[in-house]
Structure formats: structure tokens, C-alpha cells
Peer 1: 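Pasting a structure below so you can have a look.
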Amino acid sequence: MSEASNAPQPDTKALVDIYRRMVRIERNDDAILSTIRKGRLQMPYYSARGQEVIPATVSHFLTDEDQICTIYRGIQDMVAKDMPLKPLWAEIAGRVDGTCKGKGGPMHLTHPETGVMVTTGIVGSSMPIANGLAWAAQLDGSKRVVIAYFGDGASNIGAFHEAMNLAGLWKLPVIFVCPNNRYAEHTSFEKGTAVDKISKRAVGYGMPGFTIDGNDPFEMYAHVATAIDRARAGEGPTLLECNTFRFMGHVLGDDMKYMPEGELAKAKENDPLPAFRQKLLDDGHATEAQLEEMTQQIEQEVAAAREFGMASEVPSADELRRDVFEQEMSA
Amino acid sequence: MSEASNAPQPDTKALVDIYRRMVRIERNDDAILSTIRKGRLQMPYYSARGQEVIPATVSHFLTDEDQICTIYRGIQDMVAKDMPLKPLWAEIAGRVDGTCKGKGGPMHLTHPETGVMVTTGIVGSSMPIANGLAWAAQLDGSKRVVIAYFGDGASNIGAFHEAMNLAGLWKLPVIFVCPNNRYAEHTSFEKGTAVDKISKRAVGYGMPGFTIDGNDPFEMYAHVATAIDRARAGEGPTLLECNTFRFMGHVLGDDMKYMPEGELAKAKENDPLPAFRQKLLDDGHATEAQLEEMTQQIEQEVAAAREFGMASEVPSADELRRDVFEQEMSA
Amino acid sequence: MSTTKMHAIQGVNAALHQAMAEDEKVLVLGEDIADPEGGGITGAAQGLSTKFGDRVRSTPISEQAIVGAAIGAAMAGYKPVAEIMLMNFTTVAMDMIFNHAAKLRFMSGGQTSVPIVIRTLTGAGWQTAGQHADHLEGWFAHAAGIKVVAPSSPADYKGLMLSCIQDPDPCIFIESAGTMFIPSEVDDDQGPIPLGKARIVQEGTDVTLVTWSSQCIRAQMALEGFAEAGVSVELIDLRTISPWDRETVLASAQKTGRVLIAHEAVRDFGPGAEIAATINEELFGKLKAPVRRLGAPKCPVPFAKALEDAYIVQPADMIAAVKGLMS
Amino acid sequence: MSTTKMHAIQGVNAALHQAMAEDEKVLVLGEDIADPEGGGITGAAQGLSTKFGDRVRSTPISEQAIVGAAIGAAMAGYKPVAEIMLMNFTTVAMDMIFNHAAKLRFMSGGQTSVPIVIRTLTGAGWQTAGQHADHLEGWFAHAAGIKVVAPSSPADYKGLMLSCIQDPDPCIFIESAGTMFIPSEVDDDQGPIPLGKARIVQEGTDVTLVTWSSQCIRAQMALEGFAEAGVSVELIDLRTISPWDRETVLASAQKTGRVLIAHEAVRDFGPGAEIAATINEELFGKLKAPVRRLGAPKCPVPFAKALEDAYIVQPADMIAAVKGLMS
Ligand SMILES: Cc1ncc(C[n+]2csc(CCOP(=O)(O)OP(=O)(O)O)c2C)c(N)n1
Ligand SMILES: Cc1ncc(C[n+]2csc(CCOP(=O)(O)OP(=O)(O)O)c2C)c(N)n1
Ligand SMILES: [Mg+2]
Ligand SMILES: [Mg+2]
């Protein structure tokens with residue numbers, strides 16, 4: 001859906017900030033992939049390579065007060081939200097300095113200080129909980145907003161429906177952000193979804209819904225700005241369906257045989273990272289040197305985080321008795 | 001939604017048949033109410049008084065091969081479908097000659113011979129199962145259709161969403177019939193639903209959806225005819241939202257204090273039974289005498305059924321071991 | 001000390017009023033829960049929305065959304081009490097309860113917590129048949145990270161509800177049909193009753209009878225029968241099923257040497273099995289008779305009154321079982 | 001007789017191929033289940049859609065719709081095998097399974113039946129953490145109207161799956177991570193293996209070890225350790241959890257006088273409790289030691305490898321427990 005010319009437009013600072021978040025996502029993803037491939041990390045890994053624009057643009061508008069609920073394919077959402085990388089790495093390595101002391105792992109990463117409230121492995125479940133966080137914001141009289149990330153496949157599960165209806169009804173300050181990467185595990189969007197655009201479902205919940213090119217930072221910027229303004233103003237939720245693609249398939253190791261010949265190659269032609277980089281240079285928003293320096297800083301941050309994470313200690317079995325309840329369980 | 005003039009129109013035979021089914025529903029409902037009030041039946045009773053046009057019109061188009069899945073407020077759907085009343089009465093009385101040997105009761109009445117496949121007490125659950133019956137019809141290459149009845153409140157639960165999407169996707173021969181009686185227990189439609197018309201949700205499932213005056217047999221006739229033709233032709237499901245009202249409230253004994261002053265009285269002005277009767281007479285489709293005779297026959301049938309049901313024996317405790325599995329459980 | 005005679009649900013109502021007045025973070029939500037809608041199916045929330053306004057919200061029929069909203073609000077500092085109208089409907093919200101509410105503290109390494117209460121009604125006796133009356137406390141007791149509370153007396157309804165609301169972790173609070181009919185006196189200043197502590201309803205020396213919820217009421221109806229049979233029964237109301245009060249139960253079992261467990265849930269793979277297995281393990285060789293269990297047969301709750309009566313463990317069944325233990 | 005060496009999932013695959021070829025009413029559905037999508041998460045359905053076309057359908061991520069479709073088709077004469085990708089996801093379909101599939105025969109007084117199989121994968125060991133690895137057989141075993149099957153060997157995977165498909169009632173078929181790694185020979189004409197019958201993996205005289213699924217595999221890894229400790233262990237693979245083979249277990253317990261039960265599910269209020277309680281009841285005074293149970297601690301499945309290892313009952317734990325029973 002293309003926007004009128006009075007749609008919010010990003011300035012240079014915003015564009016560079018979005019690009020920075022994208023690079024942080026991509027460099028971190030690359031480091032995770034190589035560490036797993038070297039056999040130094042064991043974990044099911046759901047890369048979001050190719051989808052960077054979406055959380056990068058969304059997070060540009062968020063403060064630490066604002067909260068997100070995300071999914072197993074959610075590390076990009078946390079990294080975009082400037083969650084510190086050291087405890088992230090310690091967590092994916094299953095170590096005591098991890099955000100969750102190694103108990104949650106990549107599928108349950110949590111970091112309330114930066115607003116990362118829930119990471120879930122159950123399709124659809126980020127949405128009902130995001131509503132609750134948004135309800136609290138509403139009751140607090142706060143301006144904070146909540147982002148519920150979920151996949152295109154998740155739009156066919158019951159929790160989506162119940163959450164959308166309640167959010168619409170209660171005018172909750174929540175934005176439902178769906179990176180539509182055309183696949184749910186190995187099942188294509190068309191094989192699982194009886195409508196051509198998920199955004200069309202918004203009408204059934206009394207909220208605005210848009211289908212956006214999720215690889216286009218400008219289009220994303222305009223829609224996210226509007227949705228967040230709406231939410232902060234107490235006008236209720238918005239559904240943003242952001243078209244994109246997962247370059248690495250569902251989970252690391254996916255052979256992607258289920259994809260039609262050429263589909264991946266074609267999607268990769270639309271890789272948002274090099275394209276956006278070029279755009280920044282072409283339009284004079286940044287110089288090669290600036291972007292290079294930014295990338296190097298990020299690489300250093302990632303490298304340090306990886307080192308920190310891998311050096312952290314393995315948790316002791318006593319941890320099984322802690323955090324089940326506030327009070328430690330007896331041995 | 002008003003229909004074009006080439007919409008299917010009922011002839012005299014159809015109109016009288018629909019009226020007969022309405023009277024059968026109403027006379028049976030009346031007998032149940034009076035029997036409970038006399039203390040001769042113990043059961044939670046969810047009267048559908050006021051909603052008769054909907055199942056009467058739907059059932060006009062159905063054969064015994066066609067199937068329905070209905071809900072706790074479903075006796076009208078069975079009676080409209082010409083389920084025999086004797087085993088119905090024995091069941092609501094909890095007796096051995098009941099359709100379910102007294103084990104299911106009014107909330108789980110079942111009678112496969114007339115296509116009454118499921119009666120459920122769980123909001124929303126009629127729909128996913130109706131899909132399965134419709135899937136079987138599709139695999140069989142049969143022309144039979146399945147009706148999933150559900151309430152307006154049920155349109156906000158997850159099962160609705162999942163079932164609608166699957167039906168749309170698989171083009172199942174199922175018609176989703178929602179008597180929108182404006183209330184879910186004590187909560188008004190508006191307080192529970194973020195959209196003004198449930199039919200607007202159909203677009204999200206790639207199926208046609210209509211909001212109809214569910215008390216108008218002519219409008220109902222046109223839409224049901226089209227939906228059933230569509231389903232029998234393999235073109236997929238339809239959502240029919242049929243506006244109506246429950247005159248007796250949620251469950252027998254409901255004081256309806258939650259309703260705004262005058263709402264019930266206003267709804268009763270639109271009682272479909274006397275209005276339709278008058279219309280049949282006015283337009284010469286039937287005479288007073290004919291309708292009187294029909295009513296008397298129905299009253300006799302209901303009276304005989306009641307007598308039969310109340311005279312049937314109480315089941316023995318051994319029944320607890322039967323029908324859990326095909327093989328009887330050991331004592 | 002002044003007391004008021006009340007029913008179980010009035011105990012819940014009193015607790016909710018008190019908790020909402022004392023702590024502005026307490027919220028109440030559920031189907032029909034606000035006053036315009038009648039304060040919930042049993043009226044347990046009556047008066048709350050009138051007094052506390054927007055902190056009390058009627059919801060759509062969307063149990064996943066209800067529990068999800070409670071979880072999220074709890075993570076943000078609130079203490080929501082969510083009504084799932086009937087326990088059988090927890091099945092449509094089971095992901096939210098089991099995979100999220102109960103696990104988020106652990107999975108987050110203690111960074112987040114979910115202090116919610118899920119109130120839910122159940123129990124046979126009202127001829128609501130197969131989908132409205134199951135006692136599923138065994139499922140929740142098997143789950144890590146959630147407390148399971150099932151009171152029997154009006155005072156316990158109030159005191160245990162107060163504790164559930166204060167508890168820093170999720171609790172499921174079971175309100176059972178069989179406990180609804182006998183009003184009793186409740187102290188006007190009845191405060192929180194600790195979770196995980198059983199109540200000895202009657203002391204005795206021959207047989208320990210472990211019950212809770214509706215079966216504690218039926219056990220009280222059997223007390224005379226026990227006495228007539230000349231058996232001194234120590235009746236324990238477990239009150240909290242998870243974590244359960246092993247100490248009280250084991251001490252009593254050690255004293256009497258004979259144990260009967262009676263619950264409304266299905267007997268097979270039911271919560272009574274854990275208690276029986278534990279007693280046997282801890283008191284091996286010290287019991288005078290095998291631990292016996294009474295529970296529902298393994299079938300859905302039937303509709304016909306005669307079948308429903310046969311389905312429920314009755315006081316007479318307890319009397320027979322107690323006699324059996326003595327012989 | 002010719003045999004083929006295969007893994008557990010290949011046993012399932014062989015059963016599905018055979019059943020679909022023999023009975024055209026057999027259907028298969030689930031997420032990613034058709035061949036273009038890879039035949040399901042483990043490939044258990046590979047080749048089926050290519051051979052049997054439209055009888056095999058990939059579905060949206062809609063577990064309620066999946067189970068609902070299976071139920072409806074089953075009521076109309078089909079025999080659907082539905083995959084719920086992981087056992088934790090049964091929580092989003094629990095209403096369909098518990099309130100409908102398991103109850104419709106009873107509630108309809110036998111007029112309808114629901115011969116479906118729900119295949120579901122679970123088990124710790126893959127570091128999938130809190131929401132992907134729970135063993136919930138205890139919940140289903142507590143439910144009336146559904147059979148619970150949890151094989152450990154490739155041959156049993158095939159034979160029990162064939163029986164589940166033929167069974168006139170709903171079955172849940174649990175495929176556990178811990179059983180996936182050791183291939184073994186399966187008769188090419190391996191037919192249905194009756195439900196409700198345990199398998200004695202090894203005869204013994206000192207201790208009866210009751211296990212199933214992944215823990216039967218780990219118990220086999222402990223066999224040498226038992227022998228080294230000089231304890232003769234009778235190892236029973238229960239295979240069907242509900243209805244369970246009381247006769248075989250009780251006969252063995254009577255013979256050995258000592259019983260250890262080990263399962264992957266959480267120990268508290270777990271399925272082992274029912275078995276322990278029953279043995280104690282039936283063999284009161286005849287046992288040489290209290291029945292012991294090993295199961296997971298009461299916490300969600302943790303992520304870190306060291307914690308996951310500590311969470312799972314290991315062969316060494318069984319050896320220690322067996323020694324404990326002898327002393
Ligand atoms: C309730 C539930 N059903 C099934 C799964 C298994 N599963 C994990 S990811 C996934 C695909 C989800 O696709 P989508 O929502 O499009 O998100 P994406 O992975 O593409 O980011 C499935 C089916 C699950 N985690 N939860
Ligand atoms: C999952 C579930 N939640 C709640 C209920 C309790 N309940 C029974 S009927 C009902 C209202 C349903 O309203 P609607 O769908 O409009 O149907 P109506 O009763 O008006 O015919 C509710 C909430 C239930 N049966 N199942
Ligand atoms: Mg996707
Ligand atoms: Mg309604």
C-alpha cells in the first residue's frame with residue numbers, strides 16, 4: 001500500500017540509525033552462524049537474514065520503556081532494540097551470564113531492561129501476552145507501546161484472532177508486526193492462508209492494517225511512525241504485514257528443497273542490506289568511511305560479546321530448583 | 001445485505017415447509033419450558049425462542065445425508081432438521097431411550113441418522129469438527145453439505161478463526177451459520193466484538209460472507225439457497241451472519257437485567273412466528289385451517305414425545321463403563 | 001470477633017473486594033465479570049467494577065486472550081485475577097497457562113514473573129454433563145511453576161484467595177459445585193491462609209482420610225457414618241494440591257497407619273496417586289493397610305442424574321472404604 | 001524371515017505406508033506433512049502424498065483445526081492420522097482432544113466414534129528448552145476415552161502405530177527424542193502389536209524396572225551397570241500407558257518384590273504415581289522395598305546442556321536407584 005506524500009519521512013539521522021540496527025543484526029547473525037558451523041555452539045537457530053529492515057525500522061521508534069514480545073526467530077528483534085550482546089551470547093551458549101542464566105536459551109531470550117519481555121517458541125503466543133503488557137501501559141497512563149512480532153504462518157492460529165479482537169476492542173497500545181517471509185517452516189503462505197494479504201484481516205478487528213514492502217526502509221518508516229503515533233495517542237492497535245523473505249530457510253540446516261526453483265535467488269536479489277547501503281551513499285546520507293567505521297565497531301562489539309558468552313560458566317544443576325517459583329524449591 | 005431481484009425465491013411449498021419447521025421448534029420449546037417449570041425435567045435449558053427462522057430455513061434445504069454440528073443452544077437446529085422427537089425427549093430426560101442413552105443430555109444431543117452429528121458445550125468447537133465432516137464429504141465425492149452453527153460470541157474465539165481459514169483454503173462444503181442474537185451470555189455483541197458485522201471477517205478467509213435479517217424467511221431463503229448451491233458445487237464455504245434475538249435470555253432463569261430497558265420488548269415486536277404466519281395467510285400461501293391443522297399435528301407429536309421420554313427408564317450405573325471405548329471397560 | 005455467615009462464592013467475593021481495596025495493582029477480568037454483566041457466572045465479582053471501575057473488565061469469549069492479557073499485565077507489575085468460567089475451558093487456554101504463565105519465570109532466569117490467579121468453576125452435580133464438570137487439578141499439579149488451590153469451606157475460599165492474589169507466582173484456584181451449598185461463619189477479618197498447608201478438619205486415630213474441595217464436603221457428610229461404624233477418622237482437607245502438605249499428611253498417616261484418599265477427579269492417573277505413592281514410599285512397612293483411593297470412574301461426566309450420582313464418590317462409598325481399611 | 005534395519009521414525013513411516021495401502025479410509029494430515037513440504041518435521045510421512053495424493057494434506061498452523069478436521073472425518077468413516085508437530089502444541093488443541101475426540105463416543109451414547117491417531121514428537125535432549133520437550137502422557141492417561149501409546153523400539157513404532165490406526169477409538173502416539181538414535185532390525189512383515197500389552201525387554205529376579213519410551217532406551221543403556229552391580233533386573237517396556245498392562249507389571253513385581261519406575265515426564269503427579277500406587281495397593285505386605293519412582297524434577301525443561309542432562313533421568317540414576325532398592 002503506497003503512502004500519500006505527506007507520510008512521515010526519515011531524515012538522515014533516522015536512516016543511518018536504521019542502517020546501523022540492520023548491520024548490528026546482520027553481523028550478529030553472521031557470527032552466530034559461523035560459531036555454530038564451527039561446532040562451538042549447539043542450538044536450533046532460526047536466522048532472520050533478509051528480514052533486517054523490519055525490526056530495525058520498528059526499533060528506531062522505540063525507547064527502552066517500550067516493550068516487545070517476539071518469537072523463536074526473534075534475535076534480530078532484540079538486537080535491533082539494542083539489547084546488550086554480551087548476555088545474549090552467554091544465553092545462547094547456555095551460560096550463567098546469559099540473560100536467563102542459560103535456562104531459556106535462544107528461543108526464550110528475555111531482557112526486560114531493554115524491553116524484551118517474551119520470546120516464545122509457540123506459534124501465535126506472542127500476541128495475547130503483548131496485549132497484557134499493553135493493557136498495563138494503558139492502565140498506567142503511560143505512553144509506552146508494545147510490539148508483538150509474529151510470522152505469516154502464525155496468522156492462521158487461534159491466538160492471533162483472539163488477541164487481535166481484544167486489542168481492537170480495548171484500543172490497546174500494541175502494534176502487530178508480521179514479517180511475511182512467505183513460508184511457515186516448509187509450507188508456503190498460499191498453502192496455509194486463505195487470503196492473499198494478512199492485512200485484510202484487520203478489518204475484522206476494527207483496526208487499520210497495511211501490507212508493506214518490508215525490505216523498503218522508507219515505506220516501513222512511514223507506516224511504523226503512523227502506527228506508533230496512533231498507539232501512543234491512545235487510538236489503538238495497528239496490523240503491519242511486512243513482506244520479506246528468510247534467506248536461510250526455517251532453521252539452520254534447512255535444505256529449502258520445498259521452494260520452487262529460483263525463488264530464493266530472486267529473493268536474494270532484493271537483499272535489503274546492500275541496497276540500503278547504496279542508497280545511503282547515493283543520497284549522501286553517509287560516506288563509505290562512516291559506514292565502514294560503524295560496521296567495524298559493531299563487529300568489535302559482536303566479537304567481544306561472543307568471547308564473553310563463550311567464556312562464561314556453565315550453570316550448576318541447582319539452577320533447576322531456582323526460578324520455578326520465587327521461593328527456591330527444596331532439594 | 002439485500003439481494004438482487006434474481007435471488008432465489010421460495011414458492012408456496014417452501015414457505016409452508018419453513019413455517020412448519022418453525023412451529024415444530026416453537027411448540028417443542030414451549031413444551032420443554034413448561035415441563036421444566038413444572039419440575040418434571042432437570043436440565044440447563046438454552047431456549048432459542050425468537051431465532052426459529054434461521055434453522056427452519058437452513059433445514060429446508062437439507063436432506064438426512066446433510067449434517068449439522070450445533071451448540072448447547074441447538075435443540076431448534078435438530079428439531080428443524082426433523083430429528084425424531086421421542087428419543088430427543090428421552091435424552092433430555094436422561095433416560096435409556098434417549099438418543100445418547102441419557103449420557104449426553106441436552107448439551108450433547110446426537111442423532112446421526114438425521115445428520116445431527118455433534119452438539120457441543122464448548123464455544124466455537126462446532127466449527128473445526130464440521131470442517132472434518134465436510135472434508136469427508138469432499139473425499140467421498142458426495143454432494144452432501146455440513147452446517148456449522150455457532151453464536152455471535154463464538155466468533156471471537158480461536159477455533160472460529162482456524163476453522164474458517166481451513167474451510168476457505170480447502171474449499172470445504174460447509175456453511176457457517178451464526179445466529180447473531182446480540183448477546184453472549186450477558187455480554188453484548190458490541191462489548192465483545194471489535195467489528196460491527198461478523199460477516200466482514202469472511203474476507204480474511206477468502207469466502208463470501210453476508211449479514212442477513214435472520215428473522216426474514218425470504219432473505220434467509222435467498223442466501224441459504226446460494227450458499228448451499230455453492231457448497232454442493234464444490235465452490236467452498238460461506239459465512240452467514242443472521243441477525244436475531246433470544247427472547248428467553250441465555251439460560252432458563254436468566255433475569256436479563258444486563259439488557260438496556262426496552263431492548264427485549266422491542267425485539268419481541270419482531271417475533272418472526274406471528275409475522276410469518278400472517279404473511280402466509282395474507283399472500284394466500286395457506287389458510288387458517290391448514291395452519292391450525294399443522295400446529296395441532298405438531299402438538300400431538302410433541303406431546304407423544306414428551307410422554308415417551310418421561311416414561312423411559314433411568315439408565316443403570318453400568319452405562320458408565322460402556323461407550324468410553326468401543327470395548328466395554330471392565331468393572 | 002465478629003463473623004458473617006456466607007457461601008463459598010461470597011468468600012471469594014469478599015477476598016476480591018479486600019484485595020482490590022488494599023492493592024491498586026489487583027485487576028479482575030473474565031467473561032461477564034463486570035457488574036453490568038452480572039459479576040461473573042457465579043457472581044463472585046459482584047460489586048467490583050462498580051467500585052473499582054476500569055480495573056475490572058468483561059472480556060470476549062477468548063480464553064487465550066484472557067489469560068494472555070493477565071500474563072502480560074502481571075509481567076508489568078499488576079496482579080490480575082482472571083476467571084475462566086469453567087475448568088473444561090482451561091483446555092482452550094492451556095498453552096497460555098502451561099507453556100507461558102507457569103514457565104516464564106524459569107525460562108527468563110527469574111527476570112520476569114507472572115503473579116496471576118486463574119479462578120475456575122467445575123464439579124459434577126448440576127447435570128451439565130460431559131464438557132462442564134471435570135476436575136483437572138491433577139494436570140496442573142503435574143505442571144511445574146503453577147500452584148493449585150482447591151478450597152472447601154467459605155473461610156478457606158476467602159483466605160486462600162487472598163493468599164493466591166498475594167503470591168508472586170501463578171495460582172489456579174478451583175471452585176467446585178459440591179462446595180457451594182453449605183454456608184458457614186467466616187471471621188470478618190479473615191486474612192490470608194498460607195498456601196501449601198492442609199487443615200485437619202477432624203482428628204482421629206484409626207484412618208487418615210485425605211480430601212479436598214467437594215470431596216471434603218462429602219467426607220464431612222460421612223463423619224457420622226464413620227462414627228457409627230466405630231472408626232475414628234482423621235479428616236484432612238488438603239486445600240493446596242500443589243505444593244501439597246506432605247508433612248501433615250505423612251504425620252497423620254504415620255499415626256493412623258491407614259489412609260484413604262478421595263477426590264472428585266478421575267481416579268486413574270489422578271492426583272491421589274501421587275499422594276498414595278508418596279505415603280507408601282515414606283512409610284513403607286509402617287502401614288497397617290494399603291493406601292486406598294476413591295475417585296471418579298474413567299469416563300466423561302454423564303448427564304442422567306442416576307449416572308451422575310454413580311459417577312461421584314459418595315459419602316457412602318467413603319464409609320464402605322473406611323470400613324474396608326479396618327477389616 | 002527378512003528384516004530391515006531402521007530407525008523409530010522409519011517404523012512409523014512403514015506403518016503409515018502399509019495402513020494407507022491396505023485401507024483407503026486412512027488419511028494423514030498435519031503441518032508440512034505432504035511431500036512437497038518434506039513429509040513432516042521428522043519425515044515420518046515421506047512418500048505418502050506422492051503415493052496417496054489428496055488423502056495426505058499439509059495444513060496451516062492451526063492445531064485446533066487439524067484435530068477438528070480429523071475428528072469430523074473420523075466420525076464420517078475415515079481413519080485420520082494427525083500430526084501435532086510437538087507435544088507441547090497439544091496444549092493449543094486440548095479442547096478438541098480432551099473435550100471432543102475422547103468424549104464423543106460416550107456423550108453420544110455410542111452413536112458416533114472418533115478413530116483418530118494423534119502423532120506427536122517430544123522429549124528432552126535436543127536443547128529445544130522449555131516449550132518443546134515436555135512428556136505429557138500423564139495428562140492423557142488421566143483422560144477418559146483416549147489411549148496413550150509411547151513406543152521405544154523401531155519394531156514397536158511400526159507395530160503399535162498399525163494398531164493405533166486400526167483401533168476404533170482415539171489414540172495419542174508419542175514419539176520421543178530419546179528413542180530416535182538406535183536403529184534395529186524390524187521384520188518386513190511386522191504386523192500390529194496389541195495395545196495395552198507390555199514387553200519384557202529383559203527378564204530378571206531382583207528388581208522390576210518399569211519404563212517406556214525414551215527411558216526404556218536409557219534403561220537399556222543401564223543394563224550392563226545393573227549386571228555389574230550384581231542385580232538381576234526385569235526390564236519392562238510398558239508401551240501403552242493407558243490402558244496399561246497391570247497384569248504383566250504386577251506379576252513381575254510379585255516375583256521380584258522390588259520396583260523402580262522411570263519415566264521422562266515430571267515425577268510429581270506423573271504417570272509413575274498411578275503405577276506405584278496400584279502396585280502398593282495390590283501387593284501390600286508382599287514387597288521387599290518401597291516402590292521407587294524416577295522422573296524429571298518439577299521445573300520446565302532447561303536449555304543449557306548441563307542442565308538438560310541433569311533434568312533427564314540418566315542410566316546412572318537408574319543404577320543408583322536399583323542399588324538403593326537392594327540395600
Ligand atoms: C502452536 C505451534 N504449532 C507449530 C509450531 C511449529 N513451528 C515452529 S515455527 C513454525 C512456522 C511458523 O511460521 P511463521 O509464523 O511464518 O514464522 P517464521 O518461522 O516464518 O518466522 C512452526 C509450524 C509451533 N512452534 N507452535
Ligand atoms: C470456550 C468456552 N468459553 C466459555 C463458555 C461459556 N459460555 C457458554 S455459552 C456462552 C455465550 C456464547 O454466546 P454466543 O456464541 O453468542 O451464543 P448464544 O449463547 O448467544 O447462542 C459462554 C460464554 C463456553 N461454553 N466455552
Ligand atoms: Mg513465515
Ligand atoms: Mg449470542
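Within every chain, numbering begins at 1; the chains are lettered A, B, ... in the order of the sequence lines, protein sequences first and strands thereafter.
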Peer 1: Heavy-atom pairs under 4.5 Å with chain D - which of B:Asn165, B:Val146, B:Asp140 has more of them than the others?
Peer 2: B:Asp140
Peer 1: Which region of B:Leu169, side chain (C-beta onward) or backbone (N, CA, C, O), has a non-hydrogen atom less than 4.5 Å from a non-hydrogen atom of chain D, or is it both or neither?
Peer 2: side chain
Peer 1: Let me know if D:Asp54 has heavy atoms under 4.5 Å from chain B in its side chain, its backbone, both or neither.
Peer 2: both
Peer 1: Name the option with the most non-hydrogen atom pairs under 4.5 Å to chain D; the candidates are B:Cys100, B:Gly105, B:Ala134.
Peer 2: B:Cys100
Peer 1: Considering only heavy atoms and a distance below 4.5 Å, find which of B:His108, B:Arg322, B:Glu91 pairs most often with chain D.
Peer 2: B:His108
Peer 1: If you compare all heavy atoms of D:Gly72 against all heavy atoms of B:Leu133, which two are closest, and at what distance to 0.1 Å?
Peer 2: O-CD2, 3.3 Å
Peer 1: Around atom CD of B:Glu328, are there more than 12 heavy atoms of other residues, nucleotides or ligands at under 6.0 Å?
Peer 2: yes
Peer 1: Verify, without hydrogens or angle tests, whether D:Asp169 (side chain) and B:Glu326 (backbone) share a donor-acceptor contact under 3.5 angstrom.
Peer 2: yes
Peer 1: Select one option (side chain, backbone, both, neither) describing which atoms of B:Leu139 are under 4.5 Å from chain D's heavy atoms.
Peer 2: both
Peer 1: In terms of heavy-atom pairs under 4.5 Å with chain B, which of D:Lys103, D:Arg57, D:Glu63, D:Met107 leads?
Peer 2: D:Arg57
Peer 1: Among D:Leu27, D:Thr59, D:Asp167, D:Thr112, which residue forms the greatest number of heavy-atom pairs with chain B at distances under 4.5 Å?
Peer 2: D:Leu27
Peer 1: Tell me, side chain or backbone of B:His111 under 4.5 Å from chain D's heavy atoms, or both, or neither?
Peer 2: both
Peer 1: Report which part of D:Ser108 has an atom under 4.5 Å of a heavy atom belonging to chain B: side chain, backbone, both, or neither.
Peer 2: both
Peer 1: Taking B:Lys103 for the side chain and D:Gly109 for the main chain, is one N or O donor matched with an acceptor at less than 3.5 Å?
Peer 2: no
Peer 1: If I compare all heavy atoms of D:Gly145 with all of B:Val324, which pair ends up nearest, and what's the gap?
Peer 2: N-CG1, 3.7 Å
Peer 1: Inspect the surroundings of NZ in D:Lys25 and state if more than 12 heavy atoms from other residues, nucleotides or ligands are less than 6.0 Å away.
Peer 2: yes
Peer 1: Please state whether the side chain, the backbone, both or neither of B:Glu319 comes within less than 4.5 Å of a heavy atom of chain D.
Peer 2: backbone
Peer 1: Counting only heavy atoms from other residues, nucleotides and ligands, does the tally under 6.0 Å from CD of B:Glu307 exceed 12?
Peer 2: no
Peer 1: First locate atom CG of B:Leu166, then atom CD1 of D:Ile66, and finally report the distance between them rounded to the nearest 0.5 Å.
Peer 2: 8.5 Å
Peer 1: Going through the distances and angles, do D:Ile146 and B:Phe325 end up as a side chain to side chain contact (heavy atoms under 4.5 Å, CB included)?
Peer 2: CA-CA 8 Å; D:Ile146 184 164; B:Phe325 293 118; 5.5 Å; no
Peer 1: Go through the atoms of D:Leu29 and report whether side chain, backbone, both or neither lie under 4.5 Å from a heavy atom of chain B.
Peer 2: side chain
Peer 1: With a 4.5 angstrom heavy-atom cut-off, could you sort out which part of B:Arg321 is near chain D: side chain, backbone, both or neither?
Peer 2: neither
Peer 1: Kindly give the heavy-atom pair with the smallest separation between D:Gln111 and B:Pro112, and that separation in Å.
Peer 2: OE1-CD, 3.3 Å
Peer 1: Examine whether an atom of D:Lys147 lies under 4.5 Å from a heavy atom of chain B, and if so say whether it belongs to the side chain, the backbone or both; otherwise answer neither.
Peer 2: both
Peer 1: Are a donor atom and an acceptor atom from the side chains of D:His100 and B:Ser125 found within less than 3.5 Å of each other?
Peer 2: yes
Peer 1: Around atom CD of D:Glu247, are there more than 12 heavy atoms of other residues, nucleotides or ligands at under 6.0 Å?
Peer 2: no
Peer 1: State, to 0.1 Å, how close B:Ala136 and D:Ala76 come at their nearest heavy-atom pair, and which atoms those are.
Peer 2: CB-CB, 3.4 Å
Peer 1: Of the non-hydrogen atoms in B:Ile129 and D:Met96, which two are nearest, and what is the gap between them?
Peer 2: CG1-SD, 3.9 Å
Peer 1: Taking all heavy atoms of D:Ala65 and all of B:Glu162, pick out the closest pair and write down the distance.
Peer 2: N-OE1, 3.0 Å
